[in-house]
Amino acid sequence: MAENARNGANGGSGVGGAGDDPPRRNSNMNGNRSSVRFGGSEPVGKKLALSQRGSNATDTTDEEAKLLQQQQQSQSQFKVAPVKGGGTDIGVDSGGGGGGEEDCAENGDLVKGKDGIEVSVIDIAEGAGGGAAGAPFKPGKSKKGNAVKAFYDRVLTTFEVSKKSERPFVTMFLLILLLVLVVVILAALWPRIPSYLTKEVCLEAECLEASKQILSWARPDASTCRQPYEWACGHFEEKYKAHNFHGANKGEWNFDAYQDYEETAASYEFISKLPTVAVSYSAQYMIKKLHQICTTVETGSNNEAISSLKRTLKNLGGWRMLLGSNNPHWDLRENLQKVQPKYGAAPFYKLGIETRNAPPYDVIITVSEGDLGLPSKEFYTLGEKDPVIAAYHTYLRDILAHMVASSTTKSQEYAKMIFNYERRIALDVMGVLREAAQGNASQPQIRTMQQLADEAPSLPILQTAQAMFRRKITENTQVLVSSPIALKMISQIITTTDKEILNNFVMWSVIRHFVPYMSHNFRQSLLEFEKVLYGVEHKQPIWHFCTKVVQQWMPYGLEALRENPKLVVHDREQQDYGGGGGGEDRRAVGMDSMDPYHSSRQVQEVTAYDEEMVRLMFYHIRDEYKGALNNANWVNQQLTKYIADKLSMMRVQIGIPEELLKSERTVNEFYNDVVLDELLFVDNVVTHWEFVKKRMDRMMDNGTDNERIAAELFPPSTFGSRRTPVANLKYSVGLNMVIIAKEKTREPYFHYKYPLSLNFARLGADISLVIHDAVNTLAEQFGNVEASRQPRHIRENVFDEEAQKCMTKKLQSIYLNTAHISNATKLHSYLELASTSMLAQSFQSLLEKIARNERLPVADIPEKSTYASLGLRHFRRQPGLQRYDEQQLFALAFLQRHCAVVPEGGAPLRFSKILADNDIPSADKFTLMWRNVPELAGTLDCSASSSGSGEQSGRCGRVL
């Protein structure tokens, strides 16, 4: 029967070949199917035989057995359809594309045929379905496909999926697979969160205060790269308009002006709370009394003030503008010997003291040019119709009208005479200085008094110094002359000037010196002039003016009481002028009601941490300067070694030395020579000058280091001709020390719990600028030392030379006309630009050291002071500023140092600031820093084109 089946299959398909091939279980290569039809009475099992291929052809599979069993059971009901095309009972349809249900049947399924029910059977012939005769057999599916189908069947069996549920199951599986794929793609493409955004937000009081300060000025919604000033300072002007000091500030209202106001307000609050029980010769009493007397300046008698001033002028031989004072024998030399020694005014020349910037670094007498009515000689280059010049003429006429009843014509002639003479002095001196710009002639020189008398015979400098100082001064005494050729020119001008003009000029210098402390009328005239010169809108409050007077006249006493409130006397019985408290520690608990910064032991510990933080910042920045200097190949090796050695030994002092704060006696003895006139405030100008002269005498004795620190920290007005780049922070040449006033370490300016980026952008920037200024000073010192060894050596300063070359080009991108920008302005701008670059590099390197927990090897920093104790080991984000990392926050805080509001009429006032302060306006400085310090724009992801830093013209290539 099996043979008949094979023969039938071969015959029906028309295919010859091996007759022992078994029927295939699945569809053939062409997808054709064969149907076995049941129609006869003969058993199907006898008519159909299925065998296997190859060596196991005789074995019957389980599937074939099942099929035969089904056929036997259906024998009585079905008959086998005759095979088409053959003579046997079994036929095989081999059409290429049969359709209907028959085409959808699997092997062995019962299907409905034309003559009844049929069983779907695989074509068993090689090439069935119209294939070529004798074609080799090819299986329908690979083993891999079988494995996949088997796995699929097992999955359905495992999850007990019925035939009816198969399609929903597959659909759900595909959806899950699609969802997983989407999640993986999103995870791969999702922007990564920077690590700093995962840090916790600081919610301590100091962090909240720091954020409040920054956000009150910034406008974070502005474009950082396109509008950097709006981004950092967008609300600064708005805050100023609501400020109590609005319109009363001289010049632009900027970051420094704001900090100065805050410190002045804190000092006033302290003074107002001082008890009045102290004895009259104590510093506490005199501070309180001086402030009270000062408040009467506006309400004092105008006639009494004028009478006092006229007595002063009479003591100087009389003023020709006053009736009965036309002294034909008035002598200039005789009265010049009295003007500064007795009253502090300085026409033609000025005496002072300064630390010599060369060995032995002692305090030496200085001689410089005298004062003029306008704050800078550059103002005298302006035309007479300029608003500043016109306002100065008005000021001269008004002061004359207060002193003397004179006609309008006479007043105008007087004003014109004074202005023209001052202009002559200014222009002639500027001319000789410009001619001597190269070489040593225009630089400070050491001269003996005799040499100076020979060079400037019309100036009685020796006699003035002998009257001013108590020490012995002879023709051989050495003095430091700021510019010998300038004094020589002034001497020549005097010899060609009429006596009337000389008298008026000297008397005007004295009057101008007293005007700020005179009665209401004089001060109002000064205010009108300052409205044009500085943009002042109204007079400053009297409490502010008088607090400034106390800060200028008694700074050491005021600061000593603030730093150690235990010195404040609340009961006369607690006073001890015998020094009994000399051994007590100044960190002892003070009086709660006097100073919130030093009123408890806990706050004193905070103060100690503040100082440790300051030392950490100072020594780190100092070491960065040493490294940068060693890498600067444009600085010669000898100069590099000299400055590096000095930097290695440079120290820092914060506040008043402890030895000077231990007892009341130390502070009170400092002011033993102060005498206050309680009747008329203007008379205190003379008594204060007497105290200043005695201080200069003590400073020239070169006392102990602590006394020298106090003198440098609170210098008299005549100390030092060099401009201090930062208020209340300076470099001492004699001590090779940076001295930082305590107010720089107080809130709201500084606190060790403020973010490091904020402290570095504020006090760190101050320290960096002062250290760079010290480097410049040491370069001058090196030139002085070399000049002392080689008299013909031309002193050069590589930093000053680079400043003049670089900043001349750089400032041209901000100002169309740079002719009036002085060399001092260019040097200061260069130092600030270079120190900012060093500051940014120092901040980055400190962050790296903190990350490595690398300690600074400095003896002044105790072992217990660690990054962890100062709260620096773990960065915490600032509330309201969470999106900024440490460097971005540093850039924002630093840029806010240059926020400013220029009063109305801004252009002339910008020019006035450049001339009066030897500094460019803060808003222009903001632009200078943004364009030329790439670290600022770089941390904020701003491109060079958007920040303007890509401009190569005028770029300063030689900076540390």
Side-chain angles (χ1 to χ4, degrees), residues 250 297-298 300-314 316 318-326 330 339 345 347 370-427 497-539 682 905 908-909 912 915-916:
K250 290 184 179 180
V297 66
E298 284 287 333
S301 171
N302 188 58
N303 292 333
E304 291 181 1
I306 294 175
S307 298
S308 175
L309 184 56
K310 286 182 178 180
R311 287 194 298 269
T312 299
L313 300 180
K314 185 176 181 180
L316 295 174
W319 185 22
R320 292 188 173 223
M321 301 299 295
L322 297 176
L323 294 176
S325 299
N326 190 2
W330 184 84
V339 173
D371 297 328
L372 298 175
L374 293 172
S376 171
K377 292 190 289 289
E378 292 286 348
F379 279 105
Y380 293 95
T381 62
L382 303 176
E384 292 190 5
K385 294 183 179 180
D386 187 89
V388 174
I389 305 304
Y392 186 52
H393 276 81
T394 303
Y395 178 46
L396 286 164
R397 294 196 301 267
D398 290 346
I399 296 300
L400 178 63
H402 296 325
M403 296 288 296
V404 181
S406 60
S407 64
T408 302
T409 303
K410 188 175 182 180
S411 298
Q412 291 175 346
E413 291 176 353
Y414 168 78
K416 189 174 183 179
M417 176 198 305
I418 296 296
F419 174 76
N420 287 339
Y421 190 62
E422 290 182 344
R423 169 180 277 180
R424 178 186 174 189
I425 294 174
L427 297 183
T497 305
D498 293 339
K499 185 177 292 186
E500 179 183 0
I501 297 176
L502 292 173
N503 176 270
N504 284 327
F505 176 71
V506 171
M507 298 305 167
W508 166 241
S509 298
V510 176
I511 294 171
R512 190 179 67 246
H513 180 65
F514 283 91
V515 164
Y517 312 100
M518 292 286 287
S519 56
H520 172 78
N521 293 342
F522 288 85
R523 286 166 51 81
Q524 186 63 33
S525 298
L526 177 61
L527 174 64
E528 295 300 322
F529 172 56
E530 290 180 340
K531 284 182 178 180
V532 180
L533 182 61
Y534 298 114
V536 179
E537 297 179 12
H538 55 78
K539 190 177 299 183
V682 69
L909 296 174
S912 297
L915 300 185

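All values reported here derive from a predicted model rather than from experimental measurement.
Looking only at side-chain heavy atoms (C-beta outward), Leu533 and Tyr392 stay at 4.5 Å or farther from each other. Using a 4.5 Å heavy-atom threshold, the side chains of Val404 and Lys310 count as separate. Between Met507 and Leu322, the closest side-chain pair of non-hydrogen atoms is not below 4.5 Å. Contact check for Leu313 versus Met403: side-chain heavy atoms found under the 4.5 Å cut-off. The shortest side-chain heavy-atom distance between Phe514 and Phe522 does not fall under the 4.5 Å cut-off. Residues Met518 and Leu309 are in side-chain contact: their nearest non-hydrogen atoms beyond the backbone lie under 4.5 Å apart. Proximity of Leu527 to Gln524: side-chain heavy atoms (C-beta onward) are separated by under 4.5 Å at one or more points.
Separating the CH2 atom in Trp508 from the CG atom in Leu396 is a distance of 4.5 Å, to the nearest 0.5 Å. With values rounded to the nearest 0.5 angstrom, Leu400 atom CG is found 10.5 Å from Arg397 atom CZ. From Arg424, atom CZ reaches atom OG1 of Thr497 across 4.5 Å, with rounding to the nearest 0.5 Å.
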(request) Would you check, one step at a time, whether the test side chain to side chain contact (heavy atoms under 4.5 Å, CB included) holds for Lys539 with Glu298? (result) CA-CA 11 Å; Lys539 190 177 299 183; Glu298 284 287 333; 3.1 Å; yes
(request) Would you sort out whether Leu374 and Arg423 count as a side chain to side chain contact (heavy atoms under 4.5 Å, CB included), showing the intermediate values? (result) CA-CA 10 Å; Leu374 293 172; Arg423 169 180 277 180; over 6 Å; no
(request) List the steps and the verdict of side chain to side chain contact (heavy atoms under 4.5 Å, CB included) for Leu372 and Phe379. (result) CA-CA 11 Å; Leu372 298 175; Phe379 279 105; over 6 Å; no
(request) Any chance you could lay out the salt bridge (Lys or Arg N to Asp or Glu O under 4.0 Å) test for Glu413 and Lys410, step after step, and finish with the verdict? (result) CA-CA 5 Å; Glu413 291 176 353; Lys410 188 175 182 180; over 6 Å; no
(message) Using side chain to side chain contact (heavy atoms under 4.5 Å, CB included), reason through Met417 and Ile501 one step at a time and then give a plain yes or no.
(response) CA-CA 7 Å; Met417 176 198 305; Ile501 297 176; 4.1 Å; yes
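Although no hydrogens or angles enter the test, the distance criterion places no donor-acceptor pair under 3.5 Å between the side chain of Ser308 and the main chain of Ala305. Asn503 places a side-chain N or O within donor-acceptor distance of the main-chain N or O of Arg320, the cut-off being under 3.5 Å. Trp330 places no side-chain N or O within 3.5 Å of a backbone atom of Glu500 that could act as its donor or acceptor partner. A donor-acceptor pair is defined here as one N or O able to donate and one able to accept, closer than 3.5 Å; such a pair exists between the side chain of Ser307 and the backbone of Asn303. Side chain of Ser376 to main chain of Leu915: a donor-acceptor pair is present (N/O by atom type, distance under 3.5 Å, no hydrogens or angles). Side chain of Asp386 to main chain of Val388: a donor-acceptor pair is present (N/O by atom type, distance under 3.5 Å, no hydrogens or angles). Checking side-chain atoms of Tyr380 against main-chain N and O of Ile425 turns up no donor-acceptor pair under 3.5 Å.
Of all heavy-atom pairs spanning Ile511 and Trp319, the tightest one is CD1-CZ3, 3.6 Å. Minimum heavy-atom separation, Ser406 to Ser411: OG-OG, 3.0 Å. A pairwise comparison of heavy atoms in Pro387 and Val532 identifies O-CG1, 3.5 Å as the closest pair. Shown here for Gly373 and Glu422, the closest heavy-atom pair between the two residues is N-OE2, 3.2 Å. The two residues Val297 and Arg523 come nearest to each other via the heavy atoms CG2-CD, 4.0 Å. Of all non-hydrogen atoms in Asp398 and Ser525, the two that sit nearest each other are CB-OG, 3.6 Å.
Between Tyr395 and Phe529, the two ring planes are parallel [angle under 30°; tilted spans 30° to 60°].
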